[in-house]
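The block underneath contains the structure these notes are about, expressed in structure tokens.
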Amino acid sequence: MIKLDSKILTILVNFLLIIWQLPQTIIGLIALAVFRDFKIYTNEFNHITVINVNKGNLFGTACFSLGPVILTTTNCSEVAKRHETGHSKQSIYLGPLFFVIAFISIPRFWIYRLLNKPYTWYISGWPESSAERLGGTKELK
């Protein structure tokens, strides 16, 4: 969710963003219905507000973005949450084409995990480097 100066404009823009991001929004709402453990999270750097769903240990410690919904674990760091809101901002830009991000990001994540690559390798290429920049993670490091 994006907050603007006008309440009416905020509602209108966010309604249009829900439609623009409909595929990932639907999947995110399904995750919300399944897990039911959520908090509203606002990234103070990019002012993006998302629904932060605690997925427990399902899918391990991996955190991921579904546009306006991010899935995290209870011990997810602020850096990881900001990184995921960076992906949420990518979702705002790309709308239904956001799955291009997923097609690149998911294999990159598994290469990082399975081959024990350093985290710096993981965030060095697009779209992860872009998510880091858009989420403002460097301000926390």
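Keep in mind that the numbers below use all heavy atoms, side chains included, and drop hydrogens, waters and symmetry copies. We number each residue from 1, following the sequence as shown.
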Side chains of [X] and [Y], heavy atoms from C-beta outward: is any pair under 4.5 Å?
X	Y	result
I48	I92	yes
I2	N14	yes
V13	L17	yes

Under a 3.5 Å distance rule, please check whether [X] uses its side chain to pair with a backbone N or O of [Y] as donor and acceptor.
X	Y	answer
E84	S65	yes
D37	N54	no
Q24	G95	yes

Under the side-chain contact (heavy atoms from CB on, under 4.5 Å) rule, collect the residues that match up with S6, sequence neighbours excluded.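 Counting only residues at least two positions away or on another chain, S6 forms a side-chain contact (heavy atoms from CB on, under 4.5 Å) with I8, L9.
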Could you tell me which residues satisfy side-chain contact (heavy atoms from CB on, under 4.5 Å) with C76, sequence neighbours excluded, listed by chain and number?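 Counting only residues at least two positions away or on another chain, C76 forms a side-chain contact (heavy atoms from CB on, under 4.5 Å) with C63, T72, T73, A80, K81.
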List, one per line, each side-chain donor-acceptor pair under 3.5 Å for residues 26-34, sequence neighbours excluded.
none

Under the ring-ring contact (aromatic ring centres under 6.0 Å, His included) rule, collect the residues that match up with F64, sequence neighbours excluded.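 For F64 the ring-ring contact (aromatic ring centres under 6.0 Å, His included) partners, ignoring immediate neighbours, are F59.
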For residues 55-64, which residue pairs pass the side-chain hydrogen bond (donor to acceptor under 3.5 Å, both in side chains) check, not counting sequence neighbours?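 Every pair satisfying side-chain hydrogen bond (donor to acceptor under 3.5 Å, both in side chains) with a residue in residues 55-64: T61-R113.
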Atom pairs and distances, donor-acceptor, side-chain atoms in residues 124-131, under 3.5 Å, two or more places apart:
residue: S124; atom: OG; partner: R108; partner atom: NH2; Å: 3.3
residue: S124; atom: OG; partner: W121; partner atom: O; Å: 2.6
residue: E128; atom: OE1; partner: H83; partner atom: NE2; Å: 2.7
residue: E128; atom: OE1; partner: H87; partner atom: NE2; Å: 2.9
residue: E128; atom: OE1; partner: Y122; partner atom: OH; Å: 3.3
residue: E128; atom: OE2; partner: S105; partner atom: OG; Å: 2.3
residue: S130; atom: OG; partner: Q90; partner atom: NE2; Å: 3.1

